[in-house]
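All values reported here derive from a predicted model rather than from experimental measurement. Numbered from 1 within each chain, the chains take letters A, B, ... in sequence-line order.
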Amino acid sequence: MRIGYPCINRTVECQGDKTFRLKNYSEKRLIETVKNNLECLEKILEYNRKNQILFFRISSDIVPFASHPICEFDWQGHFSEDFRSIGRFVKKFNMRISMHPDQFIVLNSKRSEVVENSVRELVYHAEIMDAMELDIEQKIQLHIGGMYGDKTASKARFVKRYVELPEEVKKWLVLENDDRIYNIEDCLDVSGRTGVPVLFDYFHDNMNPSEIELSETFKLVKKTWKAKDGLPMVDYSSQRKKDKSKSHAESIDLRDFRRFLDDSRPHDMDVMLEIKDKEKSALKAVRLARKDSRFLING
DNA sequence: GGCAGTCAAGTACGC
DNA sequence: GCGTACTTGACTGCC
């Protein structure tokens, strides 16, 4: 079991992913931004290694506009050594990487230009993984997409589009249950028809539950991951507070996390903490998970 | 210096 | 059909 957090670290003295708008696009700016992002990523991974945080989600903005027509720059060539070096670091310390393209990626959209953009964006994500020369235990997670008033047809459309994807993209993909439309049962269904591994989101499953019992869910999900895919990845976040007061200090609820550890036993998995204070919660979770026999120590 | 509006990309939903 | 909510933070521009 590895513990991880997504994209941002506020402890490390480095600010990646600065806002970069299309209006301000220039090759010079792109190079500066990517250089900065990669330096930050290195620092974050170093911080993580020191703190036994062996799982990390890389921001999709690491190369801004990479899938946009405006970008004609050969970033893969220009930064090849930097990406390779990060990949070596990840391998050396037995770390794991994921990526999560955002809401604009809708493979089952009814609009062809949305599908085309989505595929381009997925290709870009695969290129990042390739640039780091990592194996397919690293994963790119996506949702099934929209419902369009007909879940069955929309799921079928996803299956069709997924099957048509190039193998170089497909091999990285995993499917995640969402909080409103497609629950874990839907994902397992699509997985059965495509072979795509299923990433279980514990919090989404609370909001958008299936008929399947939790212990059974862990079992079924695990079966969708083949040896080459590595351990199942799971997204975890604590129940959001119901009160309306805008308390920003959202941190991990260790009692709830302990329950999660208990609920998921004996299955081994890598856990991504989707929690506002990122690395701070990850540190707390690591402290707790260390006592669990599943927890992986690096080196 | 502070604050509100805005940012590449989508879908759901109410009117 | 159109506008807004969803959701995040930080930049941008206006005062």
What about A:His100 and A:His125, are their ring centers closer than 6.0 Å?
no
Considering only atom P, compute the distance from C:dG3 to B:dT6 and round it to an integer number of Å.
14 Å
Between C1' of C:dT12 and CZ of A:Arg29, the distance in whole Å:
11 Å
Are OP1 or OP2 of B:dA9 and a side-chain N or O of A:Arg21 less than 4.0 angstrom apart?
no
Rounded distance in Å - CG (A:Asp178) to C1' (B:dT11)
11 Å
Within this structure, what is the CZ-to-P distance between A:Phe65 and B:dC7, rounded to whole angstrom?
12 Å
Write down the distance separating the P atoms in B:dG5 and C:dT4, rounded off to the nearest Å.
12 Å
Is it true that the NZ or CZ of A:Arg49 lies under 6.0 Å from the centre of A:Phe93's six-membered ring and within 45 degrees of the ring axis?
yes
Which one, B:dG10, B:dA12, C:dG13, comes nearest to the side chain of A:Ile181?
B:dA12
Nucleotide of C:dG9, B:dA12, B:dA8 approaching A:Leu22 most closely (side-chain heavy atoms)
B:dA8
Please confirm whether the shortest side-chain N or O distance from A:Arg111 to OP1 or OP2 of B:dA9 is below 4.0 Å.
no
With a cut-off of 6.0 Å (strictly less than), are more than 12 heavy atoms of other residues, nucleotides or ligands near CZ of A:Arg180?
no
I'd like the P distance from C:dT8 over to B:dG1, given in whole Å.
30 Å
Assess whether side-chain contact (heavy atoms from CB on, under 4.5 Å) is satisfied between A:Glu185 and A:Asp189, documenting all intermediate values.
CA-CA 6 Å; A:Glu185 209 169 347; A:Asp189 171 24; over 6 Å; no
Can you measure A:Asp61 atom CG to C:dG9 atom P for me and round it to whole angstrom units?
14 Å
Does B:dT11 have OP1 or OP2 under 4.0 Å away from a side-chain N or O of A:Ser109?
yes
Verify the contact: side-chain N or O of A:Asn24 to OP1 or OP2 of C:dT12, cut-off strictly under 4.0 Å; return yes or no.
yes
Sort out the partner of C:dC11 for me: Watson-Crick or G-U wobble, both distances under 3.5 Å, none otherwise.
B:dG5
Which whole-number value in Å describes the distance from A:Asp277 CG to C:dG9 C1'?
16 Å
Is A:Tyr148 touching bases, backbone alone, or none of the nucleic acid, heavy atoms closer than 4.0 Å?
sugar-phosphate
Would you please determine if the base of B:dG10 is stacked by A:Phe104, with stacking meaning a centroid separation under 5.5 angstrom and planes under 30 degrees?
no
With ring centroids as reference points, do A:Phe203 and A:Tyr236 lie under 6.0 angstrom apart?
no
For A:Glu274 and C:dT7, give me the distance from atom CD to atom C1', rounded to whole Å.
13 Å
Sticking with atom P, work out how far B:dG10 lies from C:dG9, rounded to a whole angstrom.
22 Å
In whole Å, what is the span from the CG atom of A:Leu30 to the P atom of B:dA8?
15 Å
B:dA8 C1' sits how many Å from A:Glu121 CD, rounded?
10 Å
Apply side-chain contact (heavy atoms from CB on, under 4.5 Å) to residues A:Met269 and A:Phe218 and explain how you reach the verdict.
CA-CA 10 Å; A:Met269 60 195 68; A:Phe218 280 112; 3.7 Å; yes
Applying a 4.0 Å non-hydrogen cut-off, can you work out what A:Arg10 is touching in the nucleic acid: base, sugar-phosphate, or nothing?
sugar-phosphate
